[in-house]
Amino acid sequence: MNFRRFLLIIQLFFQPKNIIKRKFSWWVKIVTGQPQCTYYFGPFDSQSEAIESQSGYKEDLVAEQAREIKIEIVQGRPKLLTIAEE
């Protein structure tokens with residue numbers, strides 16, 4: 001077993017269960033065309049919880065005058081919660 005694999009196993013063994021669970025949580029991903037941004041809202045414990053919450057996030061962005069809004073429910077862990085395209 002190589003050293004990197006050994007370290008990964010040790011990290012997983014000592015990591016709290018909720019941190020491991022969060023790696024695979026559900027997120028509401030919203031991409032807007034104007035301004036050109038990608039937003040991640042979450043994490044959620046289930047896909048249905050994320051789906052139920054998406055309308056509130058969309059309403060907030062509409063109130064901020066965002067346009068061309070596309071919503072997707074994704075699973076994983078985003079590196080950044082807001083990505084502004086320049």
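The first residue of the sequence shown is numbered 1, and numbering continues consecutively from there.
- The ring-ring contact (aromatic ring centres under 6.0 Å, His included) search around Phe41 returns Tyr57, not counting sequence neighbours.
- Summarising the geometry, atom CD belonging to Gln34 is positioned 7.0 Å from atom CD belonging to Gln36; distances are rounded to the nearest 0.5 Å.
- When the side chains of ILVMFWY residues are joined at heavy-atom separations under 4.5 Å, either directly or via intervening members, Tyr39 and Ile71 end up in a single hydrophobic cluster.
- Closest non-hydrogen pair, Ala50 versus Val28, comes out as O-CG2, 3.4 Å.
- Taking NZ of Lys70 as the reference point, atom NZ of Lys58 lies at 12.5 Å (rounded to 0.5 Å).
- Under the 4.5 Å side-chain criterion, counting only non-hydrogen atoms from C-beta, Ile30 is not in contact with Thr38.
- In the hydrophobic clustering of ILVMFWY residues, with side-chain heavy atoms under 4.5 Å counting as a link, Leu80 and Val31 come out apart.
- Applying the ring pair (Phe, Tyr, Trp, His ring centres under 6.0 Å) test to every pair with at least one member in residues 59-78, sequence neighbours left out, gives no pairs at all.
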Subject >> Pair Ile51-Trp26, side-chain contact (heavy atoms from CB on, under 4.5 Å): steps then yes or no >> reply: CA-CA 9 Å; Ile51 290 169; Trp26 292 93; over 6 Å; no
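- Listed by chain and residue number, Ser46 satisfy the side chain to side chain donor-acceptor pair (under 3.5 Å) test with Ser48 (two or more places apart in sequence, or in another chain).
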Original post:
Run the side-chain contact (heavy atoms from CB on, under 4.5 Å) check on Phe44 and Ile73 step by step: do they pass?
Top reply: CA-CA 10 Å; Phe44 297 97; Ile73 306 301; over 6 Å; no
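- One finds the NZ atom of Lys29 at 14.0 Å from the CD atom of Gln75 (value rounded to the nearest 0.5 Å).
- Between Ser25 and Pro43 the shortest heavy-atom distance is CB-CB, 3.5 Å.
- Applying the side chain to side chain contact (heavy atoms under 4.5 Å, CB included) rule to Leu81 yields the partners Trp27, Tyr40, Pro78; only residues at least two apart in sequence or on another chain are considered.
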